[in-house]
Amino acid sequence: MAQIKNPLELYKILKKTNCKECGVPSCMAFAVAVVQGQKKLAGCPYIDNHLLEQFDGKVAKHKSLADDQEIVLKKLKQGIGSVDFASAPTRLKAKLVDNRLAINCLGKDFMIDQAGEMVSDCHVNPWVLIPLLRYILHCTGKESAAEWVPFGELRGAGDWSRFFSHRCEEALRQLADAHPELVFEILHLFGAQPLPGKPLADQSLIIYPLPRVPFLINYWPPEDGFGSKLNLLFDRSAAANSDPESIYLLSRGLVEMFRQLIVRHSRDGKLF
Ligand code: SF4
C-alpha cells in the first residue's frame, strides 16, 4: 500500500462515533492528528488489529516543529566551531569565561562552548537557543543607531511582520492589561531600564534579550474609555546584529515566558 497522506483515507476505517476516547473531539480530528504525526493510529481503541497492522507504518511521516528546530540547531552548532572565540567578545558585547562565550540575555549569562552547547541557570529552549547561536554567527558588532523603529521597518522583516504584531505585541498588551503589576515587576527582574530622556509612553522600558539587540517596550494603559496600546520597537542596528526571524522568536519566547510566570505567580493562577 502506498503511503497515506490524506486524512480521509484513515477516516474511512474509523468507527465514526466521535466518542472522543482518543483524546480529540472527533474521528476526523483524530485522522488529521495521525497524518500530522501528533497521534498514533493505535490511539483509537476501536480499530481492528488486522486494520492496524495493515495501516500502521503506512502513514507518511510529517516532520514536527521540534524536528525542524533540531535540524536548524544542528547546522548552527556546526557553524559555531569555526567562530574565533578569542575575538568574538568585542563583536558580541560578551565575555570569554573558561573558553566559553558568556552572553547576557535578559540579565542572565548563557554560556556557549565551541561545540555550540549551552548551559545556563535558566531553562534553555529553542526560543532562546536559535537566536543566541545565530547572534554568535552573524552579529556584525554594529553600534546602536539611537533610532527606534517598528519591527516591520527592519531589513528583511517581510512576512514575519504579519505574525509579529498579533503574536507578540498584541499578546503582550493583553497580558499587561490583565496583570500590569506582575508584568512590570517581571520586566524589572529581567533588567528592564526606563528609556533615557523623555518617555514615549506611560511605560517606556528597554530590555536586552541580546547584548546588541535592545527592545523598547512602550505601554499606554486603558484610560477614559480608550483602550490600551503597546508597541515593541528596535534599535535600527538590530538588523545588522540579528535577523527578523530571531527577533520574532525572542519576542514570542518573551511572551510565552510571561504567560508561564503569570500562571505560576498570579493570585488565582489564571492568565485572564
Ligand atoms: S476513539 Fe476512535 S471512534 Fe472514538 S472519536 Fe477517536 S477515532 Fe473516533
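Worth knowing before you read on, the calculation uses all heavy atoms, side chains too, and leaves out hydrogens, waters and symmetry mates. Numbers here simply count residues along the sequence, with the first being 1. When a ligand or atom number is given, it counts from 1 through the structure's own listing order.
Taking backbone and side-chain atoms together, Cys44 has no N/O/S atom less than 2.8 Å away from atom 4 (Fe) of ligand 1.
Phe151 and Ala157 get closest at one heavy-atom pair: O-CB, 3.3 Å.
The aromatic ring centroids of Phe184 and Tyr219 lie less than 6.0 Å from each other.
Ligand 1 places these atoms under 4.0 Å from at least one heavy atom of Pro45: 1 (S). Ligand-side atoms of ligand 1 in range of Phe30: 7 (S), range being under 4.0 angstrom from any heavy atom. Numbered from 1 in the order shown, with element, the atoms of ligand 1 that lie under 4.0 Å from a heavy atom of Thr17 read 3 (S). Every atom of ligand 1 with a heavy atom of Asn18 under 4.0 Å away is listed here by number and element: 5 (S).
The nearest heavy-atom contact from the protein to atom 8 (Fe) of ligand 1 is Cys27 SG, 2.2 Å. Given atom 6 (Fe) of ligand 1, the protein heavy atom at minimum distance is Cys22 SG, 2.3 Å. The protein heavy-atom contact nearest to atom 4 (Fe) of ligand 1 is Cys19 SG, 2.2 Å.
Leu216 is not listed as a side-chain neighbour of Leu205, based on a closest heavy-atom distance of 4.5 Å or more.
A salt bridge links Lys95 with Asp109: the distance from a Lys NZ or Arg NE/NH1/NH2 to an Asp or Glu carboxylate oxygen falls below 4.0 Å. Under the 4.0 Å criterion applied to side-chain N and carboxylate O atoms, Arg252 and Glu256 are assigned as salt-bridge partners.
Ring orientation note: the planes of Phe215 and Phe234 are nearly perpendicular, at an angle over 60° on the 30°/60° scale.
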